[in-house]
Amino acid sequence: MLDIQQLRNDLDALVARLAARKFTFPAEEFKALEARRKTIQTNTENLQAKRNAASKQIGIAKSKGEDASAILAEVAGLGDALKAAEAELNEVQASILVLMQNVPNLPHDSVPVGLDETQNVEVRRWGNPRQFDFAVKDHADVGAPMGLDFDTGAKLSGARFTFMKGQIAKLHRAIAQLMLDTQTEKHGYTECYTPYMVNRETLVGTGQLPKFEEDLFSTPHNDSKLYLIPTSEVTLTNTVRDEIVALENLPIKLTAHTPCFRSEAGSYGRDTKGMIRQHQFDKVEMVQIVHPENSYAALEEMVGHAEAILQALELPYRVVSLCTGDMGFGAAKTYDLEVWLPAQNTYREISSVSNCEAFQARRLQARFRNANGKPELLHTLNGSGLAVGRTLVAVLENNQQADGSVTIPKALQPYMGGKTVLSL
RNA sequence: GGUGAGCUGGCCGAGUGGUCGAAGGCACUUCCCUGCUAAGGAAGCAUAUGGGCUUAAACCUGUAUCGAGGGUUCGAAUCCCUCGCUCACCGCCA
């Protein structure tokens, strides 16, 4: 959520910055709501003040044993007017909140301006795509004889589900293990195990709700709903909801390996083959909760933490700075890591690292006490370190051999019982 | 699922209808004293939001907030209802 004060004070500038990310801020509606709010709020609070003062007088009079009926008569008529005013105020404030909750974050000044993914800016490349002297297969064809089984996934659950068995299942686990061990042992993150189902408030906190309900899976629970997490960014970041963190505990660095559940509504027909786009996929997530002054340094650091995995796996990739039009709802700045997929002859997203600045923290009321002792909003960052399924795809495609086998990257061999190759 | 007890400021904890946004303690900030890895004294110290004022901060002031929502009342931390959560015991259970 944006700072409403900033909107009031500097509306035109913010509208322009939001336009850069293809968001049309309803400025007229906002101004009208604000004008109404001001009138109603003043009126309501005046009535409340009147009532409070009178009630206090009644209390004083009664404690002295005096007759309070005169004052009582005076406030008698207030009740209905006050109730109506309060109801109206609630309604306007709720409308303003809904409006605010649907406004995306402001892009940082360093974010390239652009309309869509074609205008993202490549920052650097690492590694050279391998030259193949045979016809490359995609991961689905490479993995099929080894236990990568889309038919069984479809039988059990439908499209966009994968069943893995044998050495593919083990490789998948090995990849996750390597990621988790690297982030905890080398990069200082604390390993977490989190719920996979969360309540509505949690998703509002990180910005998935109320705007993106259709992207989530949910299930009825009591009189309400629980939602399957679309990423453990949700659970890790919400650990600081309604907290005031001590300065000396910053930065907070958390990681978790969890499944992620996404309805992929609106992506029909895209990436239909293979396990690029699934309703359920595993991800090792990194979250940092930091002092505002440090958030951009943390962003660069986290990109490095994600890159370290790709480098350990010897997978060629590039780092891309997303343009204003391609960034996610809560991000002020995002880098994507794109891994080379030889079968697609292109780089594909495998990690996304974002600085949300105070956008999530404001919703979460996640704060720290600054040098003056005043609570101040934290900055939150999240990034994949990395998507496990897509990493499996990249390993299979980049390391395939002419005979159909797949060499196992050195970094994964300890997790595969010393095995160096997946054979048919 | 059943029964019982709880949920108060950064933390602990008092407060069962009226000068309560809330005693006391801890922590923190400033000052004083002391001169030593400590103790004592004084003051300040919840959050959000509106308005005044303002470059801003500070300050003044209104309102709301004592798990959440609703109700009773001129007035609710306090009474009533619903829900959530925590703890204990019982039942069931991977």
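Throughout, a chain's letter reflects where its sequence line sits, starting with A, and its residues are numbered from 1.
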If one requires at least 3 consecutive Watson-Crick or G-U pairs with distances under 3.5 Å, the stems of RNA chain B turn out to be B:1-7 with B:84-90, B:10-12 with B:24-26, B:28-32 with B:40-44, B:46-52 with B:59-65, B:67-71 with B:79-83
Going by salt bridge (Lys or Arg N to Asp or Glu O under 4.0 Å), name the residues that satisfy it together with A/Glu117, two or more places apart in sequence or in a different chain. none
Short of 4.0 Å, heavy atom to strand atom, which residues of residues 39-55 of chain A count as contacting RNA chain B? A/Gln41, A/Glu45, A/Gln48, A/Ala49, A/Arg51, A/Asn52, A/Ser55
Could you give the distance separating B/G21 and B/A77 at their P atoms, to the nearest angstrom? 8 Å
Grab the CG-P distance between A/Leu7 and B/U49 for me, whole Å please. 13 Å
Take the protein atom CG of A/Asp10 and the nucleotide atom C1' of B/U55, then report the distance between them rounded to whole Å. 14 Å
Please list all pairs meeting salt bridge (charged side-chain N to carboxylate O under 4.0 Å, His left out) that have one or both residues in residues 105-114 of chain A, counting only residues at least two apart or in different chains. none
At less than 4.0 Å, is any side-chain N or O atom of A/Lys56 found next to OP1 or OP2 of B/G75? Yes or no. no
Excluding sequence neighbours, so at least two apart, what forms side chain to side chain donor-acceptor pair (under 3.5 Å) with A/Gln400? none
Are the side chain of A/Arg390 and the backbone of A/Glu349 linked by a donor-acceptor contact shorter than 3.5 Å? yes
Sorted by chain and residue number, the side chain to side chain donor-acceptor pair (under 3.5 Å) partners of A/Glu376 (sequence neighbours excluded) come out as A/Asn370
Using a cutoff of under 3.5 Å, can you pull out all pairs of nitrogen or oxygen atoms linking the protein to nucleotides 28-30 of chain B, with atom names and distances?
none

Can you tell me which residue pairs pass the side-chain hydrogen bond (donor to acceptor under 3.5 Å, both in side chains) test with a partner in residues 24-35 of chain A, sequence neighbours excluded? A/Arg8-A/Glu34, A/Glu34-A/Arg37
Atom CE of A/Met100 and atom P of B/U49 are separated, to the nearest Å, by 11 Å
Donor-acceptor check, side chain of A/Arg363 to backbone of A/Gln101, threshold 3.5 angstrom: yes or no? yes
The side chain of A/Pro375 is closest to which nucleotide in this list: B/G18, B/G51, B/U47? B/U47
For A/Asp181, the salt bridge (Lys or Arg N to Asp or Glu O under 4.0 Å) test, sequence neighbours excluded, returns none
Only pairs at least two apart or in different chains count here, so list each side-chain hydrogen bond (donor to acceptor under 3.5 Å, both in side chains) that has a residue in residues 141-158 of chain A. A/Asp141-A/Lys273, A/Asp149-A/Thr152
Ignoring the backbone of A/Gln5, work out which of B/U47, B/U49, B/C74 is nearest its side chain. B/U49
Length of the line joining A/Arg369:CZ and B/A46:C1', which is rounded to integer Å: 8 Å
What residues, two or more places apart in sequence or in another chain, satisfy salt bridge (Lys or Arg N to Asp or Glu O under 4.0 Å) together with A/Lys333? none
Spacing of the C1' atoms in B/G10 and B/A68 (rounded, Å): 22 Å
Who are the side chain to side chain donor-acceptor pair (under 3.5 Å) partners of A/Arg270, not counting sequence neighbours? none
How far, in whole Å, is B/A48 from B/G9 if one measures between their C1' atoms? 14 Å
A/Glu201 CD to B/C83 P, straight-line distance once rounded to whole Å: 19 Å
Starting from P on B/U63, measure out to CG on A/Leu89 and report it in whole angstrom. 14 Å
